[in-house]
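Note sheet for the following structure.
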Amino acid sequence: MTGWQPPDGVSGDYSAIKVSVGMLGPPRFRCPARDAMAARQGLRAETLARRKPEYLEDFANGPFMRAMDLIEFHRKPAGLALRAACASTVPGRVVHASVEQWAEHGVFGYLQAFADDSEVVPARENWRYFREWSVPDQRGAKRYAISVWGRCYASEDHRLRELRLLTNRADGRTRTEAEVAVAALVLASALPQPLPERVRIRQFALLDGTTTTLFDGSRQAALDLYDVAGKPALAGIVDAPGGLDYRPGSACADCPFAAVCPALPRKAGVLGVQDDRRPRRTWSPTTSRSYRRCPAQEFSRRQRLPLDQSIERGESAERGRAVHRYLEDLHGVGTASPCDSRIPDNWVPGEFALPDRERELGADLLRHHAEVCPLKLASSPADVRVEPDIVFHDPDADTVVLAKPDLLYRDRGGWVWREVKTSTSTVRPSRWFDYYPQLALAVVLAGRGDFGPGRSRVELEVLRPSGVDLVVFDPDTPRVLAEAESSLREQFRPWHLDDRFAPKPDDHCRSCEVSRWCTAADGGRADNG
């Protein structure tokens with residue numbers, strides 16, 4: 001029997017275990033506790049969540065896969081297949097225009113990339129590793145299944161099986177060795193017979209149209225790789241050594257165990273909206289800023305459609321990120337020593353490449369930070385938390401809130417939320433809470449006492465070439481708290497009620513990082529290369 005037990009409110013049997021290769025990916029967006037419980041197909045939360053589907057299909061690669069099925073298995077022309085794939089979706093759902101553009105780009109790129117590949121043909125089999133025993137094993141399981149997701153192919157003589165995994169861009173996240181190893185096991189061992197002599201796993205980048213071979217070897221080589229890199233990783237997911245590891249985050253939105261999760265705080269009423277009939281989503285201050293510019297932009301980002309890196313990683317944006325990373329590294333060294341104005345010439349963190357003018361400007365901004373460094377008030381490293389993840393569920397709106405303060409530090413017994421911004425402008429916003437929604441959220445949380453005992457406050461530090469602004473917001477001041485509550489509610493409510501996320505074309509289209517996928521940008525489809 002497994003060495004861990006599910007939390008209160010979860011019950012069922014352990015006899016069937018099913019995992020997917022995706023569970024072995026980078027842990028950033030995953031919750032090990034959820035994966036361990038979800039792998040036991042017989043476990044259920046006793047408090048069942050109401051089914052509240054989205055109006056829009058929320059799986060960006062779904063239309064691409066349906067179109068390719070029509071092309072490969074029904075010999076439909078690509079254009080006709082795309083129209084059918086975007087019209088025939090999950091019952092009651094609609095495909096957003098940006099996802100249609102993404103599917104079209106992916107389909108034509110895929111067909112071009114593999115136009116001359118005649119070694120394999122599409123395989124109709126949904127390959128899956130499956131094993132069953134009559135007696136439960138040490139985990140209490142009698143059935144094991146492993147699934148892979150991608151395009152499946154085989155040679156005419158069945159000696160070769162090929163899996164084509166999909167990724168958005170070639171320079172995106174790297175597949176883990178465990179992912180490749182477990183996928184190789186599935187290809188090498190899945191029924192029906194005959195089993196292959198050779199296994200090949202390739203990755204196709206939908207944006208770039210490039211292909212990378214991740215594994216190409218004999219069936220035995222695939223099994224050997226699984227024994228070394230796959231089997232231990234799978235055991236780590238299923239067995240959860242050391243107990244269940246809860247990591248609240250974006251995965252909470254569609255987690256079937258969220259209602260009874262002991263690690264997901266409930267903070268009813270924070271968002272100021274009482275309407276739990278809407279589909280559960282995640283909301284963050286970044287969501288609010290993106291939605292305010294254009295609802296379609298926010299939806300496209302949420303679907304993780306590829307961003308235009310020339311905009312997303314522009315020089316000023318990169319300088320701001322580099323400044324934040326430098327301060328994060330200094331504040332997180334565990335000494336609680338305040339920063340000083342001596343900025344080294346090589347201050348730019350290694351992952352950033354800034355031109356000289358941005359490097360010099362960043363150094364000027366950092367020198368001003370020393371005047372108001374919050375570590376002057378923190379007495380020990382235990383009083384400093386650098387970019388902590390704040391995750392909670394507001395059941396009144398059935399929304400999971402994600403926030404990441406630049407810094408939390410303790411001053412005279414109370415926690416202080418500090419946000420740091422960089423700006424070359426001399427203009428100050430007239431309404432800070434509308435301009436920076438994280439400030440409104442922070443003040444509301446502090447006003448509720450959610451930071452614990454002591455008098456909490458919220459601070460905004462704006463670094464400018466001419467100096468530094470430090471704006472303090474006291475949640476104990478009724479006017480300040482009321483303004484924060486009103487701003488947060490008015491920014492959250494329209495997004496919460498929106499089903500269609502229609503584009504809002506305007507001057508911002510020229511600097512929109514997802515305009516490539518928008519048919520409305522500047523009156524027509526933008527061409528960003």
Side-chain angles (χ1 to χ4, degrees), residues 248-249 265 267 269-272 282-289 320-321 323-332 336 338-339 369 371-394 399-423 428-429 431-463 468-489 491-492:
K267 300 183 185 296
V270 168
L271 297 168
T282 59
W283 180 90
S284 71
T286 301
T287 302
S288 179
R289 289 193 297 271
R321 292 187 183 98
V323 167
H324 274 81
R325 179 60 55 82
Y326 178 81
L327 292 176
E328 177 187 350
D329 292 342
L330 281 183
H331 294 158
C339 304
H369 166 77
E371 303 171 29
V372 294
C373 178
L375 269 59
K376 293 179 178 179
L377 303 175
S379 59
S380 75
D383 292 337
V384 178
R385 299 177 185 175
V386 179
E387 296 206 358
D389 288 313
I390 293 180
V391 182
F392 64 88
H393 179 223
D394 183 343
T399 298
V400 177
V401 178
L402 312 176
K404 187 185 285 288
D406 289 330
L407 191 75
L408 283 179
Y409 70 97
R410 198 195 307 268
D411 177 28
R412 289 171 291 183
W415 285 100
V416 183
W417 178 314
R418 170 75 69 95
E419 287 293 321
V420 180
K421 300 297 176 185
T422 61
S423 176
R428 275 70 170 173
R431 295 174 60 88
W432 289 112
F433 294 144
D434 292 347
Y435 200 76
Y436 295 119
Q438 61 268 47
L439 298 176
L441 174 63
V443 168
V444 171
L445 290 173
R448 290 164 45 99
D450 287 331
F451 295 160
R455 186 167 183 174
S456 298
R457 66 180 184 272
V458 177
E459 297 177 340
L460 171 65
E461 173 186 339
V462 185
L463 301 173
V468 56
D469 293 340
L470 183 63
V471 187
V472 179
F473 304 92
D474 181 5
D476 290 336
T477 302
R479 176 186 57 80
V480 172
L481 181 58
E483 288 180 1
E485 291 173 336
S486 175
S487 178
L488 182 59
R489 180 175 59 252
Q491 293 192 66
F492 171 74

Indicate every side-chain donor-acceptor pair of residues 407-414 with a distance under 3.5 Å to a residue at least two apart or in another chain.
from: Tyr409; atom 1: OH; to: Arg457; atom 2: NH2; distance (Å): 3.3
from: Tyr409; atom 1: OH; to: Glu459; atom 2: OE1; distance (Å): 2.8
from: Tyr409; atom 1: OH; to: Glu459; atom 2: OE2; distance (Å): 3.1
from: Arg410; atom 1: NE; to: Asp383; atom 2: OD1; distance (Å): 3.0
from: Asp411; atom 1: OD2; to: Arg457; atom 2: NH1; distance (Å): 3.1
from: Asp411; atom 1: OD2; to: Arg457; atom 2: NH2; distance (Å): 3.0

When rounded to the nearest 0.5 angstrom, what distance separates NE2 in His369 from NE2 in His331?
3.5 Å

With sequence neighbours left out, what residues match Arg321 under salt bridge (Lys or Arg N to Asp or Glu O under 4.0 Å)?
Glu312, Glu318

How would you list, by chain and number, every residue that makes a ring-ring contact (aromatic ring centres under 6.0 Å, His included) with Phe392, sequence neighbours excluded?
none

In this structure, OG1 of Thr422 is separated from CG of Leu327 (nearest 0.5 Å) by 10.0 Å

The side chain to side chain contact (heavy atoms under 4.5 Å, CB included) partners of Arg455 (sequence neighbours excluded) come to Asp474, Asp476

How about Ile390 and Pro405: do any of their side-chain heavy atoms sit closer than 4.5 Å?
yes

Can Asp394 and Thr399 be counted as having a side-chain donor-acceptor contact under 3.5 angstrom?
no

From Glu371 CD over to Cys339 SG, what is the distance, rounded to the nearest 0.5 angstrom?
12.5 Å

Looking only at non-hydrogen atoms, find the nearest pair between Ala378 and Val384 and report the distance.
CB-CG2, 3.7 Å

For Glu328 versus Val386, what's the shortest heavy-atom pair and its separation?
CG-CG1, 3.4 Å

Hey, could you give me the CZ/OG distance between Arg428 and Ser423, rounded to the nearest 0.5 Å?
8.0 Å

Can you name the closest pair of heavy atoms from Ala403 and Trp417 and give their distance?
CB-CH2, 4.0 Å

Going by the rule side chain to side chain contact (heavy atoms under 4.5 Å, CB included), which residues pair with Thr282 if we only count those two or more places apart in sequence or in a different chain?
Ala253, Val400, Leu402

Could you pull out every donor-acceptor pair under 3.5 Å between side chains of residues 435-452 and any protein atom, sequence neighbours left out?
from: Gln438; atom 1: OE1; to: Arg289; atom 2: NH1; distance (Å): 2.9
from: Arg448; atom 1: NE; to: Asp450; atom 2: OD2; distance (Å): 2.8
from: Arg448; atom 1: NH1; to: Ala268; atom 2: O; distance (Å): 2.9

Can you confirm whether the side chains of Glu483 and Ser487 place a donor and an acceptor under 3.5 Å from each other?
no

To the nearest 0.5 Å, how far apart are CG in Asp469 and NZ in Lys421?
14.5 Å

Could you report the tightest heavy-atom contact between Asp389 and Lys404, atom names first, then the distance?
OD1-NZ, 2.6 Å

Interatomic distance, CD@Glu485 vs CG@Leu271, rounded to 0.5 Å, equals 11.5 Å

Search all heavy atoms of Pro475 against all heavy atoms of Phe473 and return the closest pair with its distance.
CD-O, 3.3 Å

